[in-house]
Amino acid sequence: MKVYVVDNGGQWTHREWRVLRYLKVDTKIVPNTTPFEDISDADGIILSGGAPGGACDQNRMGNNGVYLDRAEVPILGICAGMQFICEHFGGKLGPGSVPEFGGVEIDVLSHEDLFEGLPARFKVWASHNDEVKAVPEGFEVIASSATCPNEAVRCKGRPIYGVQFHPEVEDSEHGVDVFKNFLKIVENHKR
């Protein structure tokens, strides 16, 4: 299984790569300016977090839109990656009513796919000012928190997922399990 981590300038991109390596996945970090043809052999793609406000700046998000339009494999967006996914498909971004920095307790609304086998509530690590204010048509919210109603989303028609928090950070409970579940999605999609 080959999963590329698209580097959007986030401070923890290398941790996403490291978790995948720990899970014995063939992975590498690629700049977000990489032509799609150079990553078209991927079985899955992770769109990393980015610099503050990065998801709203097309120049800083490089070819993420091309990957979303052309890739037919599962995609997981983390933080700015999720924000970009939602805006790309018609959702709305904006400043969070309460910016999240540090531990946040999320409520899982769907235990399928990404949160399969995980508790209904657990703590994660968040680091963002902006958030998804309106989820695009064709997407559904699969986790929320007291301060951010859209902590995780899933596309109903394609294997595209987004999490506002950082599962790659050690302070996120069940973060490795979120990655394992994404890899199960990738494996099932390959079949």
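Source: prediction; values computed, not measured.
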Exercise for review: Apply ring-ring contact (aromatic ring centres under 6.0 Å, His included) to F179 and list each qualifying residue two or more places apart in sequence or on a separate chain.
Suggested key: none
Review point. F115: what forms a ring-ring contact (aromatic ring centres under 6.0 Å, His included) with it, not counting sequence neighbours?
Key: none
Check: [Y] main-chain N/O paired with [X] side-chain donor or acceptor under 3.5 Å:
| X | Y | answer |
| --- | --- | --- |
| N181 | V178 | no |
| N63 | T34 | yes |
| S48 | N8 | yes |
| S145 | C148 | yes |

Check your understanding: Quick one: side-chain hydrogen bond (donor to acceptor under 3.5 Å, both in side chains) pairs with a partner in residues 104-118, sequence neighbours left out?
Key -> D107-R121, S110-R154, D113-R154, D113-Y161
Exercise for review: Name all pairs fulfilling the side-chain hydrogen bond (donor to acceptor under 3.5 Å, both in side chains) condition that reach into residues 17-28, sequence neighbours left out, sorted by first residue then second.
Suggested key: none
Review point. Does V186 have any side-chain contact (heavy atoms from CB on, under 4.5 Å) partners at least two apart in sequence or in another chain, and if so, which?
Key: M1, D43, P74, F182
Study note, to complete from the structure: Taken in chain and number order and not counting sequence neighbours, the residues that satisfy side-chain contact (heavy atoms from CB on, under 4.5 Å) with P95 are D130
Check your understanding: Would the number of heavy atoms belonging to other residues, nucleotides or ligands and lying under 6.0 Å from NZ of K123 be above 12?
Key -> no
side-chain hydrogen bond (donor to acceptor under 3.5 Å, both in side chains) with [X]: which residues, sequence neighbours excluded?
| X | answer |
| --- | --- |
| N150 | none |
| K2 | D41 |
| D177 | H174 |
| E16 | none |

Review point. Between Q164, H88, E131, which is the residue that forms a side chain to side chain donor-acceptor pair (under 3.5 Å) with Q83?
Key: Q164
Review point. Which residue pairs pass the salt bridge (charged side-chain N to carboxylate O under 4.0 Å, His left out) test with at least one member in residues 155-165, sequence neighbours excluded?
Key: none
Study note, to complete from the structure: So salt bridge (charged side-chain N to carboxylate O under 4.0 Å, His left out) across residues 61-72, not counting sequence neighbours, yields E37-R70
Check your understanding: Would you say the ring centroid of H166 lies under 6.0 angstrom from that of W125?
Key -> no
Check your understanding: Rounded to the nearest 0.5 Å, how far does OG of S172 lie from CD1 of I106?
Key -> 8.5 Å
